[in-house]
Amino acid sequence: MRILDVLEVTAYIKELVEFDPVLNDVWVRGEISNLTTSAAGHSYFSLAGDGVQLNCVLFRGSRARLMAHPVNGEAVLAHGRFSIYETRGQYQLIVDNVAPEGMGILQLQFEDTKRRLAEEGLFALDRKRELPEMPRVIGVVTSEQGSVWHDIQHVVARRFPLTRLIIAPSTVQGQNAPRELIRGLEALQADADPDVIIIGRGGGSAEDLACFSDEGLARAIFRCRVPVVSAVGHETDTCIADLVADVRAPTPSAAAELCVPDRRALLETVDQYALGARGLALQALTEKRVELRALQATIRFSSPNPRVSRFQQDVDMQLQLATSFVNRAAAAANDQLARYRDRAALLNPREVLRRGYAVISTLDGGDRRRIVSARDASALERLSVTFSDGAIVVRPVQESP
Amino acid sequence: MTEREPVVEFEALLAQLQEQVAKLESDSLPLAEAISAYERSVQLANQCHSLLEQAQLRIQRIDASSRAVQESSTVYQPFQINAAALLLGDDDEDLLDLMDDE
């Protein structure tokens with residue numbers, strides 16, 4: 001037992017109240033009465049229920065964030081923390097939010113967290129990041145059991161198996177879920193170097209999904225160094241993870257599809273390039289062939305060598321093509337030469353004698369001449385007849401008839 | 001990890017393919033270079049195809065407390081894809097005809 005001053009005991013009570021975990025974060029249900037607003041913009045009212053009254057103060061700064069505005073006679077839920085007003089020895093609720101009475105606690109928490117995080121800019125559209133086009137590594141935070149993980153693997157294996165999937169297993173419902181989900185996010189960032197992270201579960205009741213509206217998780221997603229895709233698999237309710245994530249997917253399969261390109265589309269792209277290359281190469285070849293044809297025409301009318309040398313600096317291919325033509329032209333020239341040689345052989349006099357002809361001439365050594373007419377021959381006494389193997393002397397016996 | 005991630009490999013191949021096409025698009029490319037750029041394109045396209053068609057999804061698991069990374073035993077065999085067959089390669093008759101023609 002001890003003796004305390006009023007000031008001391010009031011300070012003690014104030015400390016008890018303000019550090020009490022229930023009293024410093026609580027929703028109180030009651031009916032609003034005695035509502036007044038001061039010139040400074042602060043409101044004062046009582047919450048009444050079952051004949052009991054509670055003094056409340058709503059400071060001006062909190063007014064902008066209220067889910068509902070206080071009106072006399074209305075049943076509401078007021079959120080705030082308890083404090084002691086020392087001057088008058090009163091306890092009071094310092095209100096920072098007012099909600100319609102019918103709301104459940106999950107919804108209240110959700111709305112409250114959502115409101116505060118929105119104010120801080122965690123949902124801002126201009127900080128949403130683009131997903132990488134072709135992620136090397138995709139981190140996944142979800143349960144290892146169940147269809148979510150399976151669906152994600154299946155979609156990625158089908159669409160883009162070049163990537164690597166790495167799961168950080170976590171429970172996805174219940175009290176421990178937020179902590180495990182946050183640890184999963186952190187482990188992936190610390191040791192897996194992912195390009196994008198999918199976080200989610202396969203739908204469920206509002207209670208099951210509550211962990212995805214956890215404030216700590218929202219902040220962990222916001223802090224994430226790489227884009228986060230939320231896939232909480234539900235239709236109507238939105239959870240806070242969805243709001244803070246860079247991309248929200250309706251289902252885990254959809255999340256996986258958003259994260260990777262479809263390789264069939266990539267194959268088409270590759271084929272487009274390859275076919276483009278083919279078209280361009282064909283075009284280049286056709287153009288060169290036209291040039292080469294012109295070159296051939298020129299060669300045809302003159303000695304090929306100087307013409308060819310003019311193209312010496314040209315590319316190997318062209319040279320090779322031209323050379324092949326020149327070779328063929330040379331071969332043709334050789335054929336021609338061989339034909340000339342045959343014809344020349346036919347004209348050789350010795351060959352003619354060999355075929356049975358003979359040369360008739362005079363005998364006189366100094367003035368030996370060919371006799372090419374019967375009249376000249378019959379005028380002579382003797383003639384020389386040369387065969388291929390030698391000459392004989394003959395005497396004409398009869399004049400031409 | 002020393003080996004190259006397949007995605008990085010694919011991106012590099014695709015970039016090289018784009019480069020070859022850009023090269024072919026430029027005027028006054030000597031014929032010999034045009035031919036080799038085309039041959040290189042076909043080669044790169046085929047490499048892209050086999051990467052995309054034969055890649056096997058790699059799956060791992062990280063333990064959030066120990067931070068240990070393990071390979072998963074789950075194996076996804078390459079899925080069949082019905083991409084149109086590419087008319088490229090050794091049987092590219094138009095081009096070969098043209099090359100043999102001279």
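Everything numeric here is computed off the predicted structure, so don't read it as measured data. Every chain is numbered from 1, with letters handed out A, B, ... down the list of sequences. These values consider heavy atoms only, across backbone and side chains, with no hydrogens, waters or symmetry-generated copies.
- The distance from atom CD of B:Glu71 to atom CZ of A:Arg164, rounded to the nearest 0.5 Å, is 7.5 Å.
- Counting heavy atoms from C-beta outward, B:Glu25 and A:Leu280 have side chains that approach closer than 4.5 Å.
- Residues A:Ala274 and B:Ala45 approach most closely at CB-CB, 3.7 Å, considering heavy atoms.
- The parts of B:Val21 that come within reach of chain A are both its backbone and its side chain, each placing non-hydrogen atoms under 4.5 angstrom from that chain.
- Side chain of A:Arg263 to main chain of B:Leu52: a donor-acceptor pair is present (N/O by atom type, distance under 3.5 Å, no hydrogens or angles).
- One distance of note links CZ of B:Arg61 with CH2 of A:Trp149; it measures 10.0 Å at 0.5 Å rounding.
- Of all heavy-atom pairs between B:Tyr38 and A:Ala281, the closest is CB-CB, 3.5 Å.
- Comparing B:Ala34, B:Ala64, B:Ala22 by how many heavy-atom pairs each has under 4.5 Å with chain A, the most go to B:Ala64.
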**Asked** Hey, mind stepping through B:His49 and A:Val270 against side chain to side chain contact (heavy atoms under 4.5 Å, CB included) and telling me if it holds?
**Response** CA-CA 8 Å; B:His49 266 253; A:Val270 165; 4.0 Å; yes
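- Considering CG of A:Leu162 and CD of B:Gln56, their distance stands at 11.5 Å, rounded to 0.5 Å.
- Counting heavy-atom pairs closer than 4.5 Å to chain A, the top-ranked of the candidates B:Asp63, B:Leu24, B:Val69 is B:Leu24.
- Side-chain contact between A:Leu267 and B:Glu53 is present, with heavy atoms from C-beta onward closer than 4.5 Å.
- Considering only residues two or more places apart in sequence or on other chains, B:Glu9 meets the side chain to side chain contact (heavy atoms under 4.5 Å, CB included) condition with B:Arg4, B:Leu13, B:Leu51.
- Taking CG of A:Leu165 as the start and CZ of B:Arg58 as the end, the distance is 11.5 Å to the nearest 0.5 Å.
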**Request:** Before giving the answer on side chain to side chain contact (heavy atoms under 4.5 Å, CB included), spell out for B:Phe10 and A:Leu266 the whole-Å C-alpha distance, their side-chain angles and the decisive distance to 0.1 Å.
**Result:** CA-CA 10 Å; B:Phe10 178 76; A:Leu266 292 174; 4.0 Å; yes
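- Taking both residues in full, the closest heavy atoms of B:Ile62 and A:Leu188 are given as CG2-CD2, 3.7 Å, listed atom of the first, atom of the second, then distance.
- Looking at B:Ile59, both its backbone and its side chain come within 4.5 Å of chain A, counting heavy atoms on both sides.
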**Prompt:** Could you walk me through whether A:Phe160 and B:Leu57 pass the side chain to side chain contact (heavy atoms under 4.5 Å, CB included) check?
**Reply:** CA-CA 8 Å; A:Phe160 194 63; B:Leu57 178 64; over 6 Å; no
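- Between B:Ser65 and A:Arg183, the shortest heavy-atom distance links the atoms OG-NH2, 3.6 Å.
- Residue-level contacts of residues 128-138 of chain A with chain B, in order of numbering, are A:Met134, A:Pro135, A:Arg136, A:Val137; threshold 4.5 Å between heavy atoms.
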